[in-house]
Amino acid sequence: MSDHENVKRPSNGGILFQYTAAICASLTMAGTATCIAWSTSAIPYLRSENSNIQITELQGSLIASLNYIGMIIGFALCPFLMDRIGRKLSLLLVGLSQIIGWLLINQSQSVHGLYIARIISGISDFSFIVSMIYTGEIADKKIRGTLSSIQILSFSLGIFYMITIGAFLSYETVNKLGLLIPAIFLITFVFMPETPYYLLIRGRDEEAMKTLMKLKNTENKEEIILDLERIKRAVIESRENCKSSFKELYSTAGSRRSFLALLFLKVTKQLSGITAIVVYGQEILDQSGFSIESKYLIVILCAGKVFAGVIATSLIDILGRKIILLFSALGTCLALTIVGAFFFLHNYLKIDVIAFNWLPFVGLMIHVITFNIGLAHVPAVFVGEVFSIKIKVLAASFALIAEAFVGFIVIIGFIPMTKTIGIYGTLWFFAVMCLVGPIVSIMIVPETKGKYLEDIQIQIQRRTSRHAMKPLLFK
């Protein structure tokens with residue numbers, strides 16, 4: 001039984017304000033997505049005769065993958081930025097770095113200029129951490145999963161936006177339109193509040209109270225006093241329990257288990273092949289011989305990604321995290337297995353499968369949809385829920401550095417891998433990897449749906465002490 005049952009729920013105005021702040025923050029995720037997806041249409045153009053910058057196959061892989069090197073830099077800086085300048089200013093820096101990256105792409109006249117632009121754009125990708133933590137710290141527990149899922153839905157929308165304009169507009173126009181989303185973000189988010197958690201961490205109690213009143217849409221301080229005391233108690237306990245966030249991350253069993261689950265989920269996201277499909281999707285579909293041009297099929301795939309994000313946003317606070325994650329893992333694995341089987345029959349056994357040349361597109365569509373229902377959304381929500389205030393930024397940073405490193409390896413190694421073991425072997429490898437992270441997470445972390453952040457921490461620590469050698473299964 002929670003200790004917080006008497007806490008007043010936000011009014012409709014408060015819920016609307018929380019949605020507004022979360023949506024504004026999510027624009028950084030959309031901006032990040034445009035940076036990642038830009039290479040899908042840009043690389044084929046840069047390798048064509050129409051480009052002023054001629055690139056090789058290797059240079060194209062570097063342009064696509066160097067974004068992840070920037071990510072590693074951004075994720076490494078994130079813990080120092082968020083705990084010193086706050087969640088809000090960190091998000092504003094994300095928007096600013098995206099603007100700088102797009103300006104450099106627009107001005108680049110050589111492949112080396114594009115390398116630099118991609119690294120700087122990648123630095124802004126620590127929005128994955130900041131936007132999720134910002135949203136988790138302003139959201140009421142009943143809508144926290146939904147608001148966190150909006151961040152990933154926005155990421156899917158950003159990819160759809162970039163893939164679509166890349167299919168129909170010129171390279172130069174696409175580069176200019178890349179500036180649009182971060183510009184809108186900077187204009188709107190400047191009016192949003194800092195989180196009450198960070199304000200209390202910095203000892204700014206009066207500002208924290210005013211922010212909570214805005215989030216609850218109330219003028220009565222008495223209505224938010226229980227929330228304020230709950231958050232303050234969590235902040236104080238976090239400081240008392242461990243002086244070093246590094247030490248806390250590995251010294252408590254609950255934190256270790258949570259971090260292990262997060263690490264497996266983040267690495268699984270990249271090893272599921274989703275980024276490779278976005279970046280190299282046109283080349284994969286070209287091999288199938290399907291009648292519709294591949295650049296248009298990629299647009300349809302990204303539309304499916306958005307559709308799946310809407311479903312996940314609607315269901316994650318209804319069904320819970322574990323059921324959705326399990327469904328996603330099985331769906332992505334099955335889809336990639338089927339697509340791999342098509343290419344195995346076509347490329348290796350030389351069987352005529354022209355009657356089924358639609359199968360890779362349908363299989364990749366199923367993969368994209370099932371991936372975005374669970375594997376894309378649950379790890380993002382997970383970051384803001386299962387770690388104490390003191391270590392959540394650090395844990396997320398380490399996990400995302402690992403994800404970015406694996407993403408770099410996947411993108412730069414995708415073409416050599418397909419040449420070595422075939423496109424079918426590569427897809428089958430991704431299929432197996434889809435299962436690893438979800439299985440580990442489901443076994444060791446409890447369901448978090450509808451619980452206060454503080455209650456989740458208590459549950460994780462209690463279950464860890466009671467079941468040190470036993471997995472935490474579905475409730």
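Everything numeric here is computed off the predicted structure, so don't read it as measured data.
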(request) Please report the shortest heavy-atom distance between V174 and G166, naming the atom on each side. (result) CG2-CA, 3.8 Å
(request) Calculate, to the nearest 0.5 Å, the distance between atoms CG and CZ belonging to N347 and F342 respectively. (result) 8.0 Å
(request) Would you mind listing every salt bridge (Lys or Arg N to Asp or Glu O under 4.0 Å) that reaches into residues 55-82, with sequence neighbours excluded? (result) E57-K419
(request) Using atom types as modelled and distance alone, determine if a side-chain donor or acceptor of N106 lies under 3.5 Å from a backbone N or O of N175. (result) yes
(request) Indicate yes or no for a side-chain donor-acceptor contact from T164 to the backbone of Y161 under 3.5 Å, with no hydrogens or angles considered. (result) no
(request) Taking the six-membered ring for Trp and the full ring for Phe, Tyr or His, determine whether the centres of F343 and H346 are under 6.0 Å apart. (result) no
(message) Is any side-chain heavy atom of L334 closer than 4.5 Å to one of L330?
(response) no
(message) Looking at C333, is its backbone amide N or carbonyl O close enough to the side chain of T337 to form a donor-acceptor pair, meaning the two atoms are under 3.5 Å apart?
(response) yes
(request) Indicate yes or no: at least one non-hydrogen side-chain atom of L359 is less than 4.5 angstrom from one of V339. (result) no
(request) Look at the side chain of S154 and the backbone N and O of Q151, then say whether any donor-acceptor pair between them is shorter than 3.5 Å. (result) no
(request) Compare every heavy atom of A335 with every heavy atom of G363, then report the nearest pair and how far apart it is. (result) O-CB, 3.3 Å
(message) Counting C-beta onward and ignoring hydrogens, is there a side-chain heavy-atom pair between F264 and I439 closer than 4.5 Å?
(response) no
(message) Whether the side chain of T135 engages the backbone of M132 through a donor-acceptor N/O pair (distance < 3.5 Å, no angle test) should be reported.
(response) no
(request) State whether the number of non-hydrogen atoms from other residues, nucleotides or ligands found under 6.0 Å of F307 atom CZ is greater than 12. (result) no
(message) Within the supplied structure, the quantity of interest is the number of heavy atoms (other residues, nucleotides, ligands) at a distance under 6.0 Å from F327 CZ; does it exceed 12?
(response) no
(request) May I ask you to decide if T173's main-chain N or O and S170's side chain share a donor-acceptor pair within less than 3.5 Å? (result) yes
(message) When you compare the side chains of S272 and T332, does any donor N or O come within less than 3.5 Å of an acceptor on the partner?
(response) no
(message) So I298 and L285, do their side chains get closer than 4.5 Å, heavy atoms only?
(response) yes
(message) Less than 4.5 Å apart, side chain to side chain, heavy atoms only: is that true for F405 and F75?
(response) no
(request) Can you spot which of L81, L91, L400 makes a side-chain contact (heavy atoms from CB on, under 4.5 Å) with F126? (result) L81
(message) Testing S65, S39, S61 one by one against V279 for a side-chain contact (heavy atoms from CB on, under 4.5 Å), which residue passes?
(response) S39
(request) Give the minimum heavy-atom separation between G101 and S121, together with the two atoms involved. (result) CA-OG, 3.5 Å
(message) Would you say that V130 contacts T28 through its side chain, given a criterion of any heavy-atom pair below 4.5 Å between the two side chains?
(response) no
(request) Check the pair Y68, F408 against ring-ring contact (aromatic ring centres under 6.0 Å, His included), reporting the backbone distance first and the verdict last. (result) CA-CA 5 Å; Y68 287 90; F408 174 78; 7.8 Å; no
(message) When you compare the side chain of C35 with that of N67, does any pair of heavy atoms fall below 4.5 Å?
(response) yes
(message) Centre-to-centre under 6.0 Å for F189 and Y134, is that the case here?
(response) yes
(message) For the aromatic rings, using the six-membered ring if either is Trp, is the centroid distance between F168 and Y296 under 6.0 Å?
(response) yes
(message) Taking S48's backbone N and O only, do any of them form a donor-acceptor pair with S51's side chain (distance below 3.5 Å, no angle check)?
(response) no
(message) I need the minimum non-hydrogen distance between I63 and L114, along with the two atoms involved.
(response) CD1-CD1, 4.1 Å
(message) Do L177 and W102 have side chains that approach each other closer than 4.5 Å (heavy atoms only, starting at C-beta)?
(response) no
